[in-house]
Structures are given as structure tokens and as C-alpha cells.
Amino acid sequence: MPTRRYDDSPGFGALYARTVKATLRRADYEPDADGLTLELPRSAIDQDHLAAYRDVTGFTAGPALPVTYPHVLAFPLHLDLMSDPSFPYKPMGIVHLSNTISQLQPIPIHAEPAIRVHSTAERPHPKGTVFDVISEVSVDGEVVWTDLTTLLSRSTGNENAHVDLLPDPKLDPAAWWDLRGNLGRRYASASGDRNPIHLFKLTAQAFGFPRQIAHGMWAKAASLASMQRVAKLPDAFTVRVDFRKPLLLPSRVQFGYKTSGKITDFAVYDERRELTHLVGRLQAH
């Protein structure tokens, strides 16, 4: 398995330039267990950046990182992986279907975690080909957090392919969120994810959307932050979300959740409850 190690997180400028170039090619390579692995042995936490992330997602200050924050730390490696010449898919055409995070223990805000990223074997989907990007975060040599990001490359699909979906729990609203049109730009600044579909109406329209859309990982983070403000999240848990319909900005949406034992189901719906934007399930370990 080829491995690329970094002394510091790769810079976004070069990564985005390579991402644009990557839209013009397709490699004769399929991501699998023997594909490229990227490693960052040490990632210092920028406290100002962390504060900005908390501000845009709603997480309150505390001694541990928000559970979704390591995804932001790993994102430059995701982008590096998907813009590498060996990667077979055009990064700008990839659709984020779901995300599963397992936190084995809280990560202190002054930790210097190591990050490891690689992709899995592709598998068929009714709308194309699906694969996962797996991230592992270690502190003092121990894996404490993992992330499975499931992605779709659109193409001629297999209508008989199995699709693993969370059920929509049909929850009553616990909160209403009024989302401003600049939310995508604010989250892009905090996360580094500057996909044009999230930034402005005109850049989103270039990719077929009527106006800019919220980042899926913002919606996941905001959901968890909303629940944490009511009741402390467990120290160890797994939380999965499926991204359903794009969340257009600006908009007003409903957020709902329900806890039964060790399981909490949650969802984000549009104002009229006609569309489901996100469904999720958290299970305490």
C-alpha cells in the first residue's frame, strides 16, 4: 500500500488548483485496500480556527474537540487523495451520501492528533459507483476517532444494487433554524471546503442548483451541537447521517430528535415538512 506522509497539512491553494485539473482526466485505477494512504503524523490544533468552527456550527466551548471537528482536520487529506493523478473520479462531480463518525474517547483541545486517510474498494449503486474515504485519528499512538465518508460518482448505475439507508424517523420539531445566505461561505472559511455549490447563487447555478446549498457536514455538526446544548453527548458513541435533499440557502428549516435508551434519532426538514434534508442516528457505546 503506497503511503504519503506530510510534516504539515497540505495547503488548500495547491490542492484546489489540482482539483480543477483533476476534472479533466480519469485514471486507470480503482480505489481499493491497496490504494494510496495519506498520513499526517502531527496536527496541532489552531485555537482561533477551532473557535471559528464552534461559532458557525453552534458547539459550545469545552475541554474537548467537537466530535465533527477532526473531519475538518482530515479534509485537506481527503482533497489531496481525490485530486491525486491516481484517483479515478472527477472530484467536482462527487456526491456526499453519508457520514459515520465513531468517537472512542473525547479528544482534548490541546492534543496533537495524527491523521490517516485512505479509500475503500468501489461498489455498485443505482446512480453510479460508491466508495468510502476512511479517516483515523490517533492520540499518543491510540486510535480515538474514525470517520467513514461515503461518496457517489455518478455514472450508469446498477438498478439492482443494494442501497443502505437510514429510515426517516418522522420527528416533531424541537427547534427552527433560520439559515442566512452567507452560511456556506462562513462554513467554507472554517472548514476549508470551498466547493462552489456552497458559496454564491451564481457559482451554485453553474452546477445545476437554483442557489447555494449548505454543507452536509455543517448540518451534521449543527444537529449534534443543538442536542449537546440540551443534554451532554456521550464520551463514546457512533453517529451516522444520510444526506437526502440539498438544503438551499437562505432558508428556514425544522430540526427534531428523539432519544430512546442509548439511541437518538434526529432529522432536518424543510419549513413545510415536504423535504427531508438529513436523517441521523447516534448510538452510545
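Basis for what follows: all heavy atoms, side chains included, without hydrogens, waters or symmetry-related copies.
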Main-chain N/O of L36 paired to H118 side chain as donor or acceptor, under 3.5 Å: no
T150 side, atom OG1; L97 side, atom CG - distance, nearest 0.5 Å: 7.0 Å
State, to 0.1 Å, how close S138 and V143 come at their nearest heavy-atom pair, and which atoms those are. OG-CG2, 3.5 Å
Determine whether V279 and V241 make a side-chain contact, defined as any pair of heavy atoms from C-beta on separated by less than 4.5 Å. no
What pair of heavy atoms forms the shortest contact from A188 to L199, and how long is it? CB-CD2, 3.8 Å
Could you grab the distance from atom CZ of R244 to atom CG of L275, nearest 0.5 Å is fine? 12.0 Å
Ring-ring centroid check F59 Y69, cutoff 6.0 Å: no
Check V268, L278, I213 against L247 for a side-chain contact (heavy atoms from CB on, under 4.5 Å) and give me the one that passes. V268
Carboxylate-amine/guanidinium contact D178 R180, below 4.0 Å: no
Should Q105 and E142 count as side-chain neighbours, where that means a heavy-atom distance under 4.5 Å? yes
Neighbour count above 12 (heavy atom, 6.0 Å) for D140 CG: no
Short question: side chain of N182, backbone of R185 - any donor-acceptor pair under 3.5 Å? no
Using the side chain to side chain contact (heavy atoms under 4.5 Å, CB included) rule, take T100 and T238 through it: C-alpha gap first, then chi angles, then the decisive distance, then the call. CA-CA 7 Å; T100 302; T238 295; 3.7 Å; yes
Checking side-chain hydrogen bond (donor to acceptor under 3.5 Å, both in side chains) for the pair Y53/T68: CA distance, chi angles, key distance, verdict? CA-CA 10 Å; Y53 179 84; T68 49; 2.6 Å; yes
Can you check whether F131's main-chain N or O pairs, donor with acceptor, with E122's side chain at less than 3.5 Å? no
When you measure from the side chain of R4 to the backbone N and O of L38, does any donor-acceptor pair fall under 3.5 Å? no
When you group the ILVMFWY residues by side-chain heavy-atom contacts below 4.5 Å and let the links chain together, are V139 and W145 in the same group? yes
Honestly curious: do I109 and L40 fall in one hydrophobic cluster under the side-chain, below-4.5 Å linking rule? yes
Rounded to the nearest 0.5 angstrom, the CG-CD distance for L233 and Q228 is 4.5 Å
Could you give me the CA-CA distance, side-chain angles and deciding distance for K258 and D265, then say whether salt bridge (Lys or Arg N to Asp or Glu O under 4.0 Å) is met? CA-CA 5 Å; K258 181 178 181 181; D265 291 308; over 6 Å; no
Carboxylate-amine/guanidinium proximity below 4.0 Å for D164 and R123: no
Do I107 and L104 sit in one hydrophobic cluster, given that two such residues count as connected whenever their side-chain heavy atoms are within less than 4.5 Å of each other, even indirectly? no
Minimum side-chain heavy-atom gap T146-V137 below 4.5 Å: no
Whether over 12 other heavy atoms sit under 6.0 Å from R229 CZ: yes
With side chain to side chain contact (heavy atoms under 4.5 Å, CB included) as the criterion, how do Q47 and H110 come out once you've worked through the C-alpha distance, each side chain's angles and the decisive distance to 0.1 Å? CA-CA 8 Å; Q47 299 302 313; H110 296 293; 3.8 Å; yes
Flag side-chain contact, heavy atom, 4.5 Å: T276 against K245: no
Just by distance, do the side chain of T203 and the backbone of F200 share a donor-acceptor pair under 3.5 Å? yes
Donor-acceptor pair, distance only, cut-off 3.5 Å: does the side chain of Q212 make one with the backbone of P250? no
Quick check for you: to the nearest 0.5 Å, what is the distance between S155 atom OG and K127 atom NZ? 12.5 Å
In the structure I gave you, are the side-chain heavy atoms of N158 and P126 within less than 4.5 Å of one another anywhere? no
Taking every non-hydrogen atom, the tightest pair across I45 and A111: CG1-O, 3.4 Å
Whether the side chain of T264 engages the backbone of L282 through a donor-acceptor N/O pair (distance < 3.5 Å, no angle test) should be reported. no
Side chain to side chain contact (heavy atoms under 4.5 Å, CB included) for I101 and V67? Distances and angles first, verdict last. CA-CA 8 Å; I101 291 173; V67 65; 3.8 Å; yes
Salt bridge or not for R272 and D270, using N-O below 4.0 Å? no
Atom CG in D84, atom CE in M82: separation rounded to 0.5 Å? 11.5 Å
Do Y89 and V130 share a hydrophobic cluster (ILVMFWY, side-chain heavy atoms under 4.5 Å, transitive)? no
Answer whether the closest heavy-atom distance between the side chains of L165 and S98 falls below 4.5 Å. no
Flag the pair P210 / L248 as yes when at least one side-chain heavy-atom distance between them is below 4.5 Å, and no otherwise. yes
Do D168 and Y269 pair up side chain to side chain, a donor and an acceptor below 3.5 Å, judged on atom types alone? yes
Atom of S251, atom of V253 and distance for their closest heavy-atom approach: OG-CG1, 3.9 Å
To the nearest 0.5 Å, how far apart are CG in L79 and CG in L81? 9.5 Å
Can you tell me if E159 has over 12 outside heavy atoms packed within less than 6.0 Å of its CD? no
Tell me whether Q103 contacts the main-chain N or O of D235 through its side chain, where contact means a donor paired with an acceptor under 3.5 Å. yes
Restricting to non-hydrogen atoms, name the atom on R54 and the atom on A64 that form the minimum distance, rounded to 0.1 Å. NH2-O, 2.9 Å
Kindly assign one of parallel, tilted or perpendicular to the pair F75 and H78, based on the angle between their ring planes and the thresholds 30° and 60°. tilted
Atom pairs and distances, donor-acceptor, side-chain atoms in residues 217-226, under 3.5 Å, two or more places apart:
| residue | atom | partner | partner atom | Å |
| --- | --- | --- | --- | --- |
| W218 | NE1 | V56 | O | 2.9 |
| K220 | NZ | N99 | O | 3.2 |
| K220 | NZ | N99 | OD1 | 2.6 |
| K220 | NZ | V239 | O | 3.0 |
| S223 | OG | A219 | O | 2.8 |

Same apolar cluster: F87 and I134, side chain cutoff 4.5 Å: no
Can you run down the ring pair (Phe, Tyr, Trp, His ring centres under 6.0 Å) pairs that involve residues 230-266, sequence neighbours left out, and say none if there aren't any? H96-F243, W177-F255, F255-Y257
Please check if the side chain of R281 supplies one atom and the backbone of R240 the other of a donor-acceptor pair under 3.5 Å. no
Is the backbone of L166 close enough, under 3.5 Å, to the side chain of D242 for a donor and an acceptor to pair up by distance? yes
R273 and Q254 side chains, donor-acceptor separation under 3.5 Å: yes
Of all the heavy-atom pairs spanning A214 and L183, show the shortest one and how long it is. CB-CD2, 4.4 Å
Going through the distances and angles, do H71 and S135 end up as a side-chain hydrogen bond (donor to acceptor under 3.5 Å, both in side chains)? CA-CA 8 Å; H71 180 91; S135 305; 5.8 Å; no
